[in-house]
Amino acid sequence: MKPFKQNEFGKRVAADFFLSGTGSSMYIVYFLSALIAGFKLNSAILLAGPVLILAGLVILFSELGKPSNFWRSVANYRTSWMARGAIFNLFYVAAGFGILLAEALRSYSFLLWIDAAGFVIALLVLVYPGMLLHAVKDIPAWNSASTLAVTLIFALSGGGAAVILASAFIQPQALPEELVAAMVLNALLIISGELYLKALRSLGSRKEGADLSYKEMQKKGGVRTLAFLDVISIVLYMIAFFSAGALQYVIALAGSLLTLYTAYMFRVRLLEAGYHQPIITKKFIDSLKNKA
Amino acid sequence: MMRYAMVINLGKCVGCNACTAACKIDNTTGFGVKYGRVVEVETGKFPDVEKLYVPLLCMHCEDPECLKVCPTKATFKTEDGVVLIDRDKCMGCRYCVVACPFMARFFYEDSKRPQELPRMDMEDQRLGTVEKCDLCIDRVKEGQNPVCVETCPYQARIFGDADDPESEVHKLIQSGRAKTLKEEDGFGASVYYIWW
């Protein structure tokens, strides 16, 4: 019997993963730019994070068969990564709006605390899709450490691109620094995508499900196509870096939109490539007959 | 302690699908939903080939993956080892359907509802939730066998208490000839297969 494919998690779940990953990464980029580079991004950019996460939750909500029971998942945080993810997302939305409120009220001591809390929650939101997939023991392509790493990096690059998109309108003077960060993240993304494929291929020699996942990821429109689009994004970011004025914004926007597209499509491909291990194996049949 | 288990003799199953039909009728399952099904497997190399029929259903695992991932605690395990779903708690996220290593769970949505039939009992509670084989627990509590066991014309399925040393199921499991699917992954299925 061949490995079977999961068909339940599709584009809407991918959209939730994409939106929550992008939204939380925006905050991480915001926080790290202040901490490492001492560069304060406009807090209005931060507003996009909770909005994206709320949009992701709405999409996830529409996917539920009985949304009226959603509250039970919030109440059962110890049960699964799906429940934890819902809680992290809700906390992040609260923290995001809390930061905006603290900034508006100029309550800086409170801001310091909520900034740190927001960073921790953003990290949790960032890792939850990877952990949720990792918990599916029977799908080898998901149940590996490389899945965690690759989902994390794709989320971060999406966040970087979303910050460029938002700041092009709100804080254009921040664009050069953000372009450098986005180029680094996109380069990491290409490397991680390739490493993920390598990890899948080596796993595929031992597990049939992983082998089919690898083939699915290799197909037209798969990870390599997305990596090629990311190379184009990097080129666009480079051109934008050396440009000025309106041209810089337009090229930076094109690059960030392309990165966001690849970040979303990667999630779709990852979910589509979810192959279980075969239920009935030759080994099982042989051992039964040998015992007869 | 009671622990329900089933032993299926693959040497006796002819793939007539009487169990599949009986299960569908008894549980009034929707389109494409089969709590129990029979899979055809070809083994060997030409000219020494053989066709086997392997009945599949929820394995009522010792350590169920579906239970671990359920965010609302809708999936639970009874003391006698049966994995069940509380429809009132299920939010229909389908995480358990994805996590099940045996493809034994189904999401019941409007498109799977037999439209030509009158609305069945519990229809509103069923819609938007996940469902699966419950080992016909209501029948079992009344002292009957699950409907698939009852219907099999070749008595390929044996059902009973695996912890009762006098039961046939216990003896077959203890004989060392019975095997479970995906044994090496440690799910600890309560459905065993045997060949004789």
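First the proteins, then the strands, lettered A, B, ... as listed; each starts at 1. Keep in mind that this is a model prediction, so the values were computed, not measured. All values below were derived from every heavy atom in this structure, side-chain atoms included, with hydrogens, water molecules and symmetry-related copies excluded.
With chain A as partner, the option from B:Lys73, B:Glu109, B:Lys89 having the largest number of non-hydrogen pairs under 4.5 angstrom is B:Lys89.
Interface residue A:Leu132: backbone and side-chain heavy atoms are both found under 4.5 Å from chain B. For chain A, the nearby part of B:Glu65 is the side chain; its heavy atoms alone come within less than 4.5 Å. Interface residue A:Ile285: only side-chain heavy atoms are found under 4.5 Å from chain B. Contact annotation for A:Asp138: only side-chain heavy atoms (C-beta onward) come within less than 4.5 Å of a heavy atom of chain B. Contact annotation for B:Ser175: neither backbone nor side-chain heavy atoms come within less than 4.5 Å of a heavy atom of chain A. Heavy-atom distances place the side chain of B:Val39, and not its backbone, under 4.5 Å from chain A. In this structure, the portion of B:Cys70 lying under 4.5 Å from any heavy atom of chain A is its backbone and not its side chain. Proximity to chain B (any heavy atom under 4.5 Å) is restricted, for A:Phe4, to the side chain, taken from C-beta onward. Heavy atoms of A:Lys137 lying under 4.5 Å from chain B belong to its backbone as well as its side chain. Using a 4.5 Å cut-off between heavy atoms, A:Ile139 touches chain B through its side chain atoms alone. The part of A:Trp142 that comes within reach of chain B is its side chain, from C-beta onward, which places non-hydrogen atoms under 4.5 angstrom from that chain. Only the side chain of B:Leu56 comes within contact range of chain A, with at least one heavy atom under 4.5 Å from a heavy atom of that chain.
Taking the ring centroids of A:Phe266 and A:Phe154, they lie under the 6.0 Å cut-off.
Distance alone, capped at 3.5 Å, is enough to place a donor-acceptor pair between the A:Gln277 side chain and the A:Gly209 backbone. Checking side-chain atoms of A:Tyr196 against main-chain N and O of A:Val223 turns up no donor-acceptor pair under 3.5 Å. Judged by distance alone, with hydrogens and angles left aside, the side-chain atoms of B:Lys132 form no donor-acceptor pair with the main-chain N or O of B:Val97 at under 3.5 Å. Remark: side-chain polar atoms of B:Asp161 are paired, donor with acceptor, to backbone N or O of B:Arg3 under 3.5 angstrom.
Between A:Lys66 and B:Leu127 the shortest side-chain heavy-atom distance does not fall below 4.5 Å. Using a 4.5 Å heavy-atom cutoff, the side chains of A:Arg84 and A:Met131 are not in contact.
We find that B:Lys68 and B:Asp63 are joined by a salt bridge, their nearest charged nitrogen and carboxylate oxygen being less than 4.0 Å apart.
Of all non-hydrogen atoms in A:Ala162 and A:Leu260, the two that sit nearest each other are N-CD2, 4.2 Å.
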